[in-house]
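What follows is one structure encoded as structure tokens, with my remarks underneath.
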Amino acid sequence: MDKFVIRGGNPLTGTVRISGAKNAALPAMAAALLTEEPVILENIPQVRDIETERKLLVAMGADVELGYGRAQHRTTICCRNLVNAEASYELVKTMRASTLVLGPLVARMGHARVSLPGGCAIGARPIDLHIKGLEQLGAVIAQEHGYIEAQAERLKGAHILFEKITVTGTEDLLMAATLAEGETVLENCAREPEVVDLASLLNKMGARIEGAGTPTIRVQGVERLRGARHRIVPDRIEAGTFIIAAALTGGDLSVSSCEPRHLDALLQKLEECGVQVSATGDSVRVSGNGRPKGADVATQEYPGFPTDMQAQYMALATQAEGTSVVTENIFENRFMHAQELVRMGADIRIEGHRAVVRGRTALSGAAVQASDLRASASLVLAALVAEGETIIDRVYHIDRGYERIEEKLRGVGAQIRRIGELLPKRMVAPEVAV
Ligand code: UD1
């Protein structure tokens, strides 16, 4: 297993380019299941979750073509000759978002067999709302041998109110509704930019969707969808991670090819912390003096402060003046990074779903272990300001969602190297997939 070795102390300076959003690319790839024609996706990040999704689609008989050279972030998916409608436990257990194929498969094929994802490091994460919504659209669903089996002649439009806001749940049902008969109204929807990006792709494919980005989405079902070409939105979580890295190290960094509007909650919070941020066009410039002020934060659904930035923010809070209270409202067990940060010298007390972080503690390099994707990012950030060397184990978690993070960090002045297995340049190479 790979490890990162990081020597702290260097402020990050220069320009770093942000990749396409993993969380937008995954539903976009699943959307290709809705049509027989090719779907061309650009700005696909080269991360391990994308490789898992490629495997999932290939196992169903899809033709997935990866671009090379300058087109290396382009993927063409053609689902004309699907041989089965199954997502196996082997793949679903490595990536919960695999359940995004459920809605499109039932809608296009009339049936689907998708493994239940099981537990997760950050919380229970059930998919009951996906299932309930599909049932409301007329699917008959059974659970057997750890799999969800769904059947439907043709889905029928329905009025669906999500009891709780769910991102992939909204996406799953949105995709299913595009091919349902009649109108579907989805209420209490997730408003994340990734949902809006998916709706924009689906509309290019001939779907009739209105209201994505608001709590109510209306879908007029169509008989069939066609192929399309679509560019994936920039990854706001990758951008946010680099922005915090600059603030934390007292650097002067331009984060380019991002969408500053999607970062509003984070940028506002950083301004409250006294970090200088300015957004122009598709770039954010961050100048930190390395001595931020503490500020409380509470995670919320978009446009609130993202749960996917909570761990990284906690790393910043360890270096901020005063005490910051970090409240996690989305997942029940998302403080796994806290204990590892404490091992590096942080002063963090967990009280239920709140973490009380006393700031400006000197961090010192240590051997630490990544537990999930964003938790690993927070350890990388802490290591960038720790005295001495930090060794982070299990960096496969970070490879799930960050494209060559060590190369990007080195490019802006960090001292970081990967040790362990020698990885090929291209993360999507089949031999390195989990
Ligand atoms: C997505 C993101 C993930 C992010 C999360 C919250 C992708 C691929 N992943 O995950 O990075 O952290 O949104 O912004 O886009 N819930 C239920 N029943 C359901 C579905 C969800 O109770 O059927 C609960 C979850 O347990 C959680 C909350 O709803 O407490 C929000 O989860 P959800 O928005 O569904 O997260 P994901 O879509 O899995």
Side-chain angles (χ1 to χ4, degrees), residues 20-31 44-45 47-50 52-53 56 91-92 94-103 114 116-136 141 143 148 160-176 186 188-199 215 232-233 235-238 240-241 262 265-266 298-313 327-337 353 372-378 397-398 400-402:
K22 164 186 88 74
N23 285 357
L26 293 174
M29 290 172 78
I44 291 279
V47 297
R48 203 164 282 213
D49 274 6
I50 296 296
T52 305
E53 178 123 353
L56 196 64
L91 291 172
V92 177
T94 64
M95 185 182 74
R96 302 180 58 81
S98 307
T99 49
L100 278 167
V101 300
L102 184 60
V114 175
L116 281 161
C120 170
I122 63 175
R125 298 183 84 178
I127 56 161
D128 55 312
L129 302 176
H130 302 228
I131 294 172
K132 202 169 158 191
L134 282 172
E135 282 175 338
Q136 285 176 275
I141 298 190
Q143 284 184 31
I148 298 162
I160 297 169
L161 169 65
F162 288 103
E163 278 162 39
K164 198 170 181 180
I165 298 178
T166 157
V167 178
T168 50
T170 302
E171 292 165 347
D172 213 1
L173 295 189
L174 180 59
M175 288 189 276
L186 301 172
N188 199 25
C189 292
R191 291 184 280 163
E192 268 67 3
E194 294 76 20
V195 174
V196 178
D197 200 43
L198 172 66
I232 299 295
V233 285
D235 195 317
R236 62 197 168 96
I237 307 301
E238 187 198 17
T241 303
H262 297 166
L266 173 69
T299 62
Q300 275 162 6
E301 293 89 0
Y302 190 85
F305 191 93
T307 174
D308 284 352
M309 285 303 303
Q310 179 258 105
Q312 301 89 315
Y313 183 82
T327 306
E328 173 56 55
N329 290 316
I330 308 294
F331 292 110
E332 60 267 34
N333 187 27
R334 206 171 195 182
F335 285 141
M336 308 271 277
H337 44 284
H353 65 134
D372 67 71
L373 171 54
R374 307 303 170 186
S376 357
S378 83
H397 286 294
I398 210 162
R400 288 187 54 187
Y402 288 87

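Only a predicted model underlies this, so the values are computations on that prediction, with no experimental measurement involved. Atoms within a ligand are numbered from 1 in the order they appear, just like the ligands themselves.
For R334 and D308, the salt-bridge test passes: some basic side-chain N is under 4.0 Å from an acidic carboxylate O.
Judged by distance alone, with hydrogens and angles left aside, the side-chain atoms of S376 form no donor-acceptor pair with the main-chain N or O of H397 at under 3.5 Å. D172 places a side-chain N or O within donor-acceptor distance of the main-chain N or O of G103, the cut-off being under 3.5 Å. Side-chain atoms of E328 never come within 3.5 Å of backbone atoms of T299 as a donor-acceptor pair (strictly under, hydrogens ignored). A donor-acceptor pair is defined here as one N or O able to donate and one able to accept, closer than 3.5 Å; such a pair exists between the side chain of E192 and the backbone of Y302. A donor-acceptor pair is defined here as one N or O able to donate and one able to accept, closer than 3.5 Å; no such pair exists between the side chain of D49 and the backbone of G401.
Contact analysis leaves E194 out of contact with ligand 1, as no non-hydrogen atom separation drops below 4.0 angstrom. Ligand 1 lies out of reach of R96, whose nearest heavy atom is not under 4.0 Å from it. At a 4.0 Å cut-off, at least one heavy atom of R334 sits close enough to ligand 1 to count as contact.
In terms of N/O distances under 3.5 Å, ligand 1 is not approached by G169. Considering backbone and side-chain atoms alike, A97 places every N or O at 3.5 Å or more from each N or O of ligand 1. The distance criterion of under 3.5 Å between nitrogen or oxygen atoms is met by N23 with respect to ligand 1. Polar contact check, I330 against ligand 1: a nitrogen or oxygen pair lies under 3.5 Å apart. Geometrically, ligand 1 and D308 share a nitrogen or oxygen pair separated by less than 3.5 Å. Inclusion of E332 in the set of residues having an N or O under 3.5 Å from an N or O of ligand 1 is not warranted.
Residue contacts with ligand 1 for T307 involve side-chain atoms from C-beta outward but no N, CA, C or O (heavy atoms, distance under 4.0 Å).
Residues R191 and V195 are not in side-chain contact: their nearest non-hydrogen atoms beyond the backbone lie 4.5 Å or more apart. The shortest side-chain heavy-atom distance between L100 and M175 falls under the 4.5 Å cut-off.
For ligand 1 and H130, the ligand atoms under 4.0 Å from any heavy atom of the residue are 23 (O). Shown in contact with T168 at under 4.0 Å from a heavy atom are these atoms of ligand 1, numbered in order with element: 7 (C), 8 (C), 15 (O), 37 (P), 38 (O), 39 (O). Close approach to I127 involves these atoms of ligand 1, each under 4.0 Å from a residue heavy atom: 19 (C), 23 (O).
Distances from atom 1 (C) of ligand 1 to the heavy atoms of D49, V167, D372 show the closest one on V167. When the heavy-atom distances from atom 19 (C) of ligand 1 to P117, G133, G401, P126 are ranked, the shortest goes to P126.
Only one option out of T170, T166, I148, V114 pairs with H130 in a side chain to side chain contact (heavy atoms under 4.5 Å, CB included); it is T166. The side chain to side chain contact (heavy atoms under 4.5 Å, CB included) test with I330 singles out one residue from H353, E301, Q310, and that residue is E301.
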